[in-house]
Number of protein chains: 2
Amino acid sequence: MSNNHFKKGELYSFITGKASTAIARRLQKKFNDSGTNLTIEQWSVLYHLWKQDGVSQQELCNATFRDKPSITRLVDNLEKLNLVKRVASENDRRINKIYLTKQSQKLQEQTMDLAEETLNEALNSVPTEKIEVCKEVLQIVYDNLK
Amino acid sequence: MSNNHFKKGELYSFITGKASTAIARRLQKKFNDSGTNLTIEQWSVLYHLWKQDGVSQQELCNATFRDKPSITRLVDNLEKLNLVKRVASENDRRINKIYLTKQSQKLQEQTMDLAEETLNEALNSVPTEKIEVCKEVLQIVYDNLK
DNA sequence: GACATATAGTTGTTTATACAACTATCCAAA
DNA sequence: TTTGGATAGTTGTATAAACAACTATATGTC
């Protein structure tokens, strides 16, 4: 059996990520409106650092699905904003360990609330069991392609 | 009942569009490997022009969910590649109508095949009915936020 | 017809992504 | 211990997105 369930007219939104783009834009707007001077991409790096900081840039690459130059520049910008600090590893001098600052620790609660709010708006009226199926499918898609 | 089905650890992939990013990267790789000198974003504009060309840049904005400067520059680059042509409208001189060239007409079949191939790889082993649920949820998400 | 307003498109700036090429450091095998 | 390959990170370049500010044209109202 073919998996070819996409008529031409349906290719588009899957490939362009229409839904996730809309979610990201909505969250960015909430950041801007609340005076949170942060891009979604910067937030996504902080998101992983809030779970654990002191990790290498390479670990941030893996966690955020970005390449090394992207992380270099995101960390550059986060450092300019005084939200993270590069600390050279003592054991391995190739490695920068990335630490949160006091300022970025304060941002966690507020921005996570806005993120949850955004997802609740996005998923308004969608039944729980359909959300679960959707999450499952998207995870398989990712696993199929990684 | 709250729609708050996202534990903190699950927020991330929905907001960042992990799955659609993976799909776009895979398709871009297929374009590159096949010598198709085209970005996914340029392709997404051509995608709508293959359905109908001679439309205004504003109509392309609506169709591709981009703002006007983004379309201006995508059309700039497509024009440099000789894939589209701007033609000033006779009725309304503010409007550029965008037309496909012979070269871009040739690209349609090949790139659509690569796009379908990509989606089939992405959705490998996902049952039809779950794909349908997923498409439905993503559409509702988009409608909820637009 | 004149003017205010809306619409279509462009340009400038900042941030981000992808890829290639590069430096510095580490490590393991000869 | 030397050397060659792997790993961590940076820099250069092209493309793209978002936002603000801008020009040009059209339109509706007085």
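Below, read A as the first sequence line, B as the second, and so on, with proteins coming before strands; counting in each chain starts at 1.
Under 3.5 Å, the side chain of B/Arg93 and the base of D/dT25 form no donor-acceptor pair of N or O atoms. Residue B/Arg73 places a side-chain atom within donor-acceptor reach of the base of C/dG12, judged by atom type and a 3.5 Å distance cut-off alone.
Residue-to-nucleotide proximity on DNA chain C shows that, of B/Ile95 and B/Lys29, the 5′-proximal contact is made by B/Ile95. Summary of the strand contacts: A/Pro69 and A/Ile40 both lie near DNA chain C, and taking for each the nucleotide with the nearest heavy atom, the more 5' one is attributed to A/Ile40.
In this structure, A/Ser104 and A/Trp50 approach most closely via the heavy-atom pair O-NE1, 3.0 Å. The heavy-atom pair separating B/Asp53 from B/Leu100 by the smallest distance is OD2-N, 3.1 Å.
Using a 4.0 Å heavy-atom distance criterion, B/Gln42 is classed as a sugar-phosphate-only contact. Here A/Asn96 lies in heavy-atom contact (under 4.0 Å) with sugar-phosphate atoms only. In this structure, B/Leu74 reaches the sugar-phosphate backbone alone: every heavy-atom distance under 4.0 Å involves primed, P, OP1 or OP2 atoms, never a base. Base engagement by B/Thr72 is indicated by at least one non-hydrogen atom pair under 4.0 Å involving a base atom. Contacts of A/Asp67 with the nucleic acid, taken as non-hydrogen atoms under 4.0 Å apart, include base atoms.
Between D/dT10 and A/Arg86, a contact under 4.0 Å exists linking OP1 or OP2 to a side-chain N or O. Contact annotation: B/Gln57 reaches the phosphate of C/dT10 (side-chain N/O to OP1 or OP2, under 4.0 Å).
Side chain of B/Thr39, nearest nucleotide from D/dA16, C/dT15, C/dT10: D/dA16.
Rounded to whole angstrom, the span from the NZ atom of B/Lys68 across to the P atom of C/dG12 amounts to 17 Å.
Ring geometry, B/Phe65 versus A/Tyr12: the interplanar angle falls from 30° to 60°, so the pair is classed tilted.
When atom types are taken as modelled, the side chain of B/Asn96 and the backbone of B/Arg86 share no donor-acceptor pair closer than 3.5 angstrom.
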